[in-house]
Amino acid sequence: MKPLRLAALVAALLLAAGCSHDSPPPAATSTTAAYAAVARGRVDVEGGLLVLGTPRDGTLTGVAVHEGDRVSKGQVLATLDPAPAQLQLQAAEAELAQAKAQRQLLDGKLAAVRVQAQRLADAAKAGAGDGQSADAAAASANELVAQQAAADAAVAMATQKRDEARYELGLRTLRAPVDARVVRVAAQTGASVSTTAGGPLFTLLPLTPPIVRAELSESFVDAVKVGMPATVSADGGGNSSQSWPAHVLRIGSVVGPSTLEDDPQLRANARTVACVLAFDAPPPADVRVGQRVLVRFGAPAAAAAPTKAR
């Protein structure tokens with residue numbers, strides 16, 4: 001009985017070994033080998049979202065936009081109570097007007113003194129007057145010239161104060177710095193706002209072409225090059241079956257931890273390099289900034305034919 005059992009066991013092992021030669025490699029291995037690298041990423045815009053706070057303390061007198069609105073560069077978003085800045089501007093304008101009037105007064109005095117000095121000088125030359133009076137008139141003219149220089153400095157100082165007051169008044173109006181879409185509004189008419197307390201008033205999405213920020217594993221950095229084609233697809237969600245062509249714009253030079261891994265242990269241990277990609281064509285509207293995506297770098301290679309047992 002023992003020889004029969006041993007023969008049956010050897011035959012079974014030989015049969016299993018023969019069948020194993022026809023077994024294809026695991027699907028996950030063949031999929032990974034088809035691309036130069038695979039990485040997780042997130043849709044973004046250059047520079048990220050714009051977060052705007054209040055440039056000055058005050059009370060909001062108006063909020064001109066709502067979430068979802070599209071705004072143009074320079075469009076008013078909100079206004080602060082302008083009264084303090086207006087009073088400051090009025091005082092600066094009054095000071096400037098006074099400085100200019102003083103300068104004009106000196107111009108008139110100097111013109112009169114110069115005429116008198118010239119007459120006295122002419123009279124002294126003709127022997128009809130004394131030279132001392134002519135010298136005194138000339139000294140008075142020189143003194144007025146010095147006062148003119150001081151008056152010019154006063155006018156320049158007052159002009160600067162006026163310009164600063166205008167600038168401060170302009171800061172009471174918050175405007176969109178670029179063409180954008182309003183993502184979030186945290187401002188309300190009548191609310192008191194501060195530059196040091198509270199969060200941002202507006203969050204804007206610049207209307208610039210979207211990009212992808214991918215986290216490339218440190219071990220695959222050398223396999224990815226600038227300009228390399230890539231395929232971007234949604235990482236879960238309703239449009240996960242869709243994909244869009246892209247190419248590599250930049251590859252970072254700093255290695256850091258992953259921020260896209262959900263598992264805390266993997267997030268702490270994974271070492272990644274930032275990689276920025278641009279879409280070859282504008283993606284559809286349902287691809288939103290902040291959406292997670294999967295990036296496959298390079299073109300998929302042709303699958304190798306399975307090796308048959310001889």
Side-chain angles (χ1 to χ4, degrees), residues 47 50-64 71-180 187 189 191-198 200-202 204:
L50 278 175
V51 179
L52 304 180
T54 174
R56 291 292 183 269
D57 298 346
T59 303
L60 288 172
T61 57
V63 178
V71 295
S72 302
K73 181 179 180 179
Q75 183 174 337
V76 174
L77 303 177
T79 53
L80 291 170
D81 183 9
Q86 287 175 342
L87 292 174
Q88 184 179 357
L89 177 58
Q90 291 171 4
E93 288 176 339
E95 184 177 348
L96 177 58
Q98 182 180 10
K100 287 182 176 180
Q102 182 66 26
R103 179 64 169 78
Q104 291 176 356
L105 179 61
L106 290 173
D107 288 345
K109 287 183 177 181
L110 179 60
V113 169
R114 280 176 172 171
V115 170
Q116 183 182 9
Q118 186 63 42
R119 288 176 180 175
L120 291 173
D122 293 341
K125 288 180 181 180
D130 60 280
Q132 186 176 1
S133 298
D135 292 341
S140 297
N142 292 334
E143 182 180 353
L144 287 174
V145 170
Q147 291 180 10
Q148 272 188 331
D152 289 339
V155 170
M157 183 75 69
T159 301
Q160 183 178 0
K161 289 183 179 180
R162 188 273 316 272
D163 294 343
E164 289 178 355
R166 285 180 176 175
Y167 176 74
E168 284 296 325
L169 181 59
L171 291 179
R172 314 301 287 186
T173 302
L174 186 59
R175 301 179 182 273
V178 295
D179 295 343
T189 301
S192 297
V193 293
S194 172
T195 58
T196 58
L201 300 182
F202 298 95
L204 305 181

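Bear in mind that the values here come from a model prediction, so they are computed numbers and not experimental data.
- Residues satisfying the side chain to side chain contact (heavy atoms under 4.5 Å, CB included) criterion with Arg175, sequence neighbours excluded, are Val76, Thr173.
- The two residues Ser72 and Ala176 make their nearest non-hydrogen contact at O-CB, 3.5 Å.
- At least one side-chain heavy atom of Arg103 sits less than 4.5 Å from a side-chain heavy atom of Asp152.
- Arg166 pairs by the side chain to side chain donor-acceptor pair (under 3.5 Å) definition with nothing, not counting sequence neighbours.
- Between Leu60 and Ala78 the shortest heavy-atom distance is CD2-CB, 4.2 Å.
- At a threshold of 4.5 Å between non-hydrogen side-chain atoms, the residues Leu96 and Val155 count as touching.
- Take Gln148 and apply the side chain to side chain donor-acceptor pair (under 3.5 Å) test, not counting sequence neighbours, and it matches Asp107.
- Within 6.0 Å of CD in Gln75 there are more than 12 heavy atoms belonging to other residues, nucleotides or ligands.
- Atom CD of Glu95 and atom CZ of Arg162 lie 11.5 Å apart (nearest 0.5 Å).
- Annotation: side chain to side chain donor-acceptor pair (under 3.5 Å) contacts of Thr61 (sequence neighbours excluded): Thr79.
- Annotation for Phe202 and Leu77: closest pair CZ-O, 3.7 Å, computed over non-hydrogen atoms.
- Residues satisfying the side chain to side chain contact (heavy atoms under 4.5 Å, CB included) criterion with Pro177, sequence neighbours excluded, are Leu50, Leu52, Leu204.
- Residues meeting the side chain to side chain donor-acceptor pair (under 3.5 Å) test with Thr195, sequence neighbours left out: Asp57.
- The two atoms that bring Ala85 and Arg172 nearest to each other are CB-CG, 4.0 Å, heavy atoms only.
- Considering every non-hydrogen atom in both Arg56 and Leu80, the closest pair reads O-CD1, 3.5 Å.
- With rounding to the nearest 0.5 Å, the separation of OH in Tyr167 from CG in Leu89 is 15.0 Å.
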